[in-house]
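These values consider heavy atoms only, across backbone and side chains, with no hydrogens, waters or symmetry-generated copies.
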Amino acid sequence: MLPAGGHHNSASVKVHMQVKKAPHLPFALANTETENGAWCLYTDTDLGEDGQLMTGFYTNHPDNNDRFGMDFAGVEAFLHAFFPEAELVAFELHDWNEDEWSGNGDWLALPAGIISKHHTETTRPEGRLHFATADIAQTFLVWFEGAIEMGKKAAVDAQRLMTREAIESKVPARAKASAAVASPVRS
């Protein structure tokens, strides 16, 4: 679906942090354009006097020259995009863009126009093989709900195909039997 050598748009880094002096909010969102790619931060665990464990995501797209780094200063800058007074104590992160097992990227985020141009072809069965993946869902693209949606669609489509094949295999036999009964026997 992507041009040769093309990449999808998502380029996220997932970071787990021990943080002090930050509000205990269940979820915080940022405007990725104004906050240099920061987009999501949430509290995992309250650590009492030791602060809290938080998980966050930020975009680390190669086209963004002002992106956050993946060192302490970069993660701290990401945290400060949400909570300027927060104190970063420790962190662990994973750069999905450099992960060979994920295909060098996280969840699918296709460039504009790709889905509308190719969706019909990506969901078309190949013979009796029906596809069910969140990456081709019509709603909830790349989400678990999208996988369920496509699983249901594939199951219904496969059942319809098998029913049609079963009917078509019986029709010629019935037609032949009907023809034999209708034709008079000659002596």
Distance-only, no hydrogens or angles: does the E85 side chain make a donor-acceptor pair with backbone N or O of K21 under 3.5 Å? no
From CD (E87) to CG (L79), nearest 0.5 Å: 10.0 Å
Is the closest side-chain heavy-atom distance between H16 and L93 below 4.5 Å? no
Kindly indicate whether the side chain of F83, heavy atoms from C-beta on, has any atom under 4.5 Å from the side chain of M54. yes
Under 3.5 Å donor-acceptor, E76 side chain and D71 backbone: no
Say you draw a straight line from NZ of K14 to SG of C40; how long is it, rounded to the nearest 0.5 Å? 10.0 Å
Partner residues of F27 under the ring-ring contact (aromatic ring centres under 6.0 Å, His included) criterion, sequence neighbours left out: Y42
Please examine the side chains of L161 and R128, heavy atoms only from C-beta on, and report whether any two atoms are closer than 4.5 Å. yes
Does E49 come within less than 4.0 Å of K20, counting only side-chain N to carboxylate O? no
Quick one, M17 and L41 - any side-chain contact, counting heavy atoms below 4.5 Å? yes
Approximate separation, where rounding is to 0.5 Å, of T123 OG1 and D157 CG: 8.5 Å
Heavy-atom side-chain contact between T163 and I167 under 4.5 Å: yes
When you group the ILVMFWY residues by side-chain heavy-atom contacts below 4.5 Å and let the links chain together, are L129 and M162 in the same group? no
Within the structure provided, determine whether M70 and Y58 are in side-chain contact (heavy-atom separation under 4.5 Å). yes
Can you tell me if Q159 has over 12 outside heavy atoms packed within less than 6.0 Å of its CD? no
Close side-chain approach of H24 and D46, heavy atoms under 4.5 Å: yes
Checking side chain to side chain donor-acceptor pair (under 3.5 Å) between T55 and each of T45, T43, D44, which is the one that passes? D44
Same hydrophobic cluster for L53 and L25, using side-chain heavy-atom links shorter than 4.5 Å among ILVMFWY? no
Determine whether V13 and H94 satisfy the following criterion, side chain to side chain contact (heavy atoms under 4.5 Å, CB included), listing intermediate values before the conclusion. CA-CA 6 Å; V13 173; H94 188 81; over 6 Å; no
State plainly whether one hydrophobic cluster holds both I148 and F131, where clusters connect Ile, Leu, Val, Met, Phe, Trp and Tyr through side-chain heavy atoms under 4.5 angstrom apart. no
Between A147 and A134, which heavy-atom pair has the shortest distance, and what is it? N-CB, 3.6 Å
What residues, two or more places apart in sequence or in another chain, satisfy side-chain hydrogen bond (donor to acceptor under 3.5 Å, both in side chains) together with H80? none
Ignoring hydrogens, what is the shortest heavy-atom contact between F68 and G37? Give both atom names and the distance. CE1-C, 4.2 Å
Just wondering, do F78 and L88 contact through their side chains at under 4.5 Å, heavy atoms? no
Between E149 and A137, what is the shortest heavy-atom contact and its length? OE1-CB, 3.7 Å
